[in-house]
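All remarks here apply to the structure that follows.
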Amino acid sequence: MPQEIALLKTHTCGELNRRRVGNRVTLAGWVDRRRDHGGLIFVDLRDRSGIVQVVFNPQVAKVVHDLATELRSEFVVRVSGEVALRPKGTENPKLPTGEIEVIAGEITILNRSKTPPFYINEEVEVEENLRLKYRYLDLRRPAMQQRIILRHRIVKFIRDFFNAEGFLEIETPILIKSTPEGARDYLVPSRVYPGKFYALPQSPQQLKQLLMVAGFEKYFQIARCFRDEDTRADRQPEFTQIDLEMSFVEAEDITNLVERLMISLAKTVRPDMKLVEPFPRLTYAEAMERFGSDKPDFRFGLEIRDISDIAAASKFGVFCSAVSDGGKVKGICAPGCGAYTRGQLEELNRLAQSLGAGGLVTIALGSAPGDLGDLQMEMVKSVAARYLTIEQVKAIAQKMNARMGDLMLIVAGKGNLVDEVLGELRLHMGRQLKLIDPNSLSFAFVLDFPLVERDKKTGGWKPVVHPFTMPKEEDLPLLESAPDRVRSKSYDIVCNGYEIGGGSIRIHTRDLQKRVFAARGYIDEDIEELFGHMLEAFEYGAPPHGGIALGLDRLIMLLAGAETIREVIAFPKNQNAADLTFNAPSPVTWEQLDELHLKLHDEYHPVPEDR
RNA sequence: GGCCCCGUGGUGUAGCGGUCUAACAUAACGCCCUGUCACGGCGUAGAUCAGGGGUUCAAAUCCCCUCGGGGUCGCCA
């Protein structure tokens, strides 16, 4: 048997073009579409590389043509024939292979197909649970193939990048120890140790720090992480992080490295998208003040401005009392919205109230453009109008960069709440006014997060990043007296309003690590039990180190222009953390449970088999 | 756990108290067709309108409950 017949195909569909004219080729793939003219039959043959038209002509091969009448969508076939230029005037400029076609001389039906439950060959929105149940068919659709291929290219790029930077990719265990902090763990019962459990890693955080203690200096990993928490469009129970850690570095070393990675990656896989560089860097405090969010969307302006000083001097009770109670008065300017109707304004007010604000004060600066200098009090529409002077209105407008015809949205109250509400209003207006360029990637770094914050459940302090985060030296004196005012050497990278990564410089000495735990109310015994392995490691020459973890799924989602991370994960879980392809999770047998020394509540327990 | 949205032939939609014996497109099936490419023409079949209960003379349509799906808040160190 000749060597070349060992393969079912000699060429891919998408690679054929006029240079192959005259070649005899063998293709294999799926029937994308069939156009049966009674005499001639055209079949669009699809494989991973693309689509090519195959012509079945009864005058060329009667038997082959007869077989082709049986073809239906998604049949798997192997076709041999000659590549030919299409007759003049029948070229299809919409197809990359549209100049040529394959004149079929042989065909083998390798496998038939039932009519698929949804279209493979058309870009139609299909109910997601149906797509997930038949994920292998969903993944056959060209748009999904492109996203998965993009994912591959991104991961390949990242591995090459870190390799070139001198990083080592090191795997870490999936079965580790449950930690008391952070998200809920996925637990794995131990057969060997009755009553004991492994946990799946929420991230390789402690392991990568130990790799630094071990002296590897530059580590990275494409790491699977598990968190048993509710899902979102950008969150599911298992996800992938680009995890990295470096020794002998400061925060800027990490952020600069990540910035170089993101820029080169984005330019490589999405050269068509707009990128602003260098990436803006702002502190957490600044991000909250200006954008009301720790993950600001930089694709549009509408920044939050503080007008507390003007408000305090006014005769408007809501404003004055907010400031005298230690709060703030801040606002954003919605350009060109001065003519908003009562209904539209009420909708904004309801939104503000649903976010926890007492209310929303709007000031419309007339309903048409013009020079702010000409603004008259009669043109100002606001509940606050009769308590404000025209000078005060103009001063507020000036502070917000507002012009005639604009609408100012103002919230008064406690500082944090005011920022958060305005942050949401800002996003709402940005979307409503279509200020967001969908073709841009706006990265930024948010720095110096607080070390700890109040835990709403326990009332104690909990880390904002994680318990190994290094406090800023200048804030250390506050660690015991006012821990929430201690800033950390931490940094998030955000893009288009998504947090796509976060990291920090770590504590690397036993004494400071113990002090941080103690400041959060841990007693010595607990510290030893829960984190003793880390503290001990720090006693054996742990180098200063730090790192970051990047959410690979979110990053790919943004680079793919997808709405959810499920669109860039081959086999994702649905919102209820279920795998609809396999129907996981599923019950297990009594024997399996028994072997693991487990007993379930009666209503869930399978009956022992006595067959 | 809270709130919002969705569930109609295989798929995607329309219908939102009576004209629904449920419409349209596409897919499917049959016949015709030698230059189509979302091929075309003719015909056939296919839905107890997610499930249950209620209101009404009358429910796909209004109300309640359940189930399933999506979004979001909480949650996610």
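Naming: A, B, ... by sequence-line order, numbering from 1 per chain.
Taking the charged nitrogens against the carboxylate oxygens, A:Glu74 and A:Arg46 do have a contact shorter than 4.0 Å, which makes a salt bridge. Under a 4.0 Å N-O distance rule, the pair A:Arg86/A:Glu99 does not qualify as a salt bridge.
Side-chain N/O atoms of A:Arg232 include one lying less than 4.0 angstrom from OP1 or OP2 on B:C73. Look at A:Lys94 and you'll find a side-chain N or O under 4.0 angstrom from OP1 or OP2 of B:A38. Within the 4.0 Å cut-off from OP1 or OP2 of B:G70, not a single side-chain nitrogen or oxygen of A:Asn129 is found. Using a 4.0 Å cut-off, some side-chain N or O of A:Lys462 falls inside it from OP1 or OP2 of B:C76. Taking side-chain N and O atoms only, A:Gln575 has a distance below 4.0 Å to OP1 or OP2 of B:G71.
The closest donor-acceptor contact from the side chain of A:Arg184 to the backbone of A:Asp228 lies under 3.5 Å.
Distance from the side chain of A:Asn576 is smallest for B:G69 among the nucleotides B:C75, B:G69, B:C37. Of the candidate nucleotides B:G71, B:C29, B:A27, B:C29 has the atom lying nearest to any side-chain atom of A:Arg72. Of the listed nucleotides (B:C29, B:G35, B:C37), B:C37 has the atom at the smallest distance from the side chain of A:Leu95. Nearest nucleotide to the A:Asp36 side chain, out of B:C76, B:C33, B:G12: B:C33. Counting only heavy atoms from C-beta on, A:Glu128 has its side chain closest to B:G70 among B:G70, B:A28, B:G1. Taking only side-chain atoms of A:Arg33, from C-beta outward, the nucleotide of B:U34, B:A38, B:U36 with the closest atom is B:A38. Closest approach to the A:Arg235 side chain among B:U26, B:C75, B:U36 is made by B:C75 (side chain taken as heavy atoms from C-beta onward). Of the candidates B:C37, B:U72, B:G70, the closest approach to any side-chain atom of A:Asn574 belongs to B:G70. Minimum atom distance to the side chain of A:Thr564 is reached by B:G71, of the listed B:G70, B:C37, B:G71. Side-chain proximity of A:Tyr119 to the nucleotides B:U26, B:G69, B:G71 is greatest for B:U26.
Each of A:Phe118 and A:Arg86 was matched to the nucleotide of RNA chain B holding its nearest heavy atom; the match closer to the 5' end belongs to A:Phe118. Residue whose closest nucleotide on RNA chain B sits further toward the 5' end, between A:Lys456 and A:Lys573: A:Lys573.
For A:Arg485, the CZ atom counts as loosely surrounded, since its 6.0 Å shell holds 12 or fewer non-hydrogen atoms of other residues, nucleotides or ligands. Surrounding OH of A:Tyr198 are at most 12 heavy atoms belonging to other residues, nucleotides or ligands under 6.0 Å away.
If you check every strand for non-hydrogen atoms under 4.0 Å, A:Glu127 touches sugar and phosphate atoms only. Across all strands, A:Pro87 comes closer than 4.0 Å to base atoms (heavy-atom distances). Heavy atoms of A:Ile41 sit nowhere under 4.0 angstrom from any nucleic acid atom. Using a 4.0 Å heavy-atom distance criterion, A:Gln59 is classed as a base contact.
Judged by distance alone with a 3.5 Å cut-off, a donor-acceptor contact links the side chain of A:Glu101 to the base of B:G35. Contact annotation: side chain of A:Glu122 to base of B:U11, donor-acceptor pair absent below 3.5 Å. With hydrogens and angles ignored, no donor-acceptor pair closer than 3.5 Å exists between the side chain of A:Arg566 and the base of B:G70.
Here the straight-line distance linking atom NE2 of A:His545 with atom CE of A:Met212 works out to 7.5 Å at 0.5 Å rounding.
Shown here, B:C3 forms a base pair with B:G71; the pair counts as Watson-Crick or G-U wobble because both key distances fall under 3.5 Å.
In this structure, A:Phe42 counts as stacked on the base of B:U36 under the 5.5 Å centre distance and 30° plane angle limits. The aromatic ring of A:His37 does not stack onto the base of B:U36, failing the criterion of a centre distance under 5.5 Å from the six-membered base ring together with planes under 30° apart.
A donor-acceptor contact closer than 3.5 angstrom links the side chains of A:Gln221 and A:Thr172.
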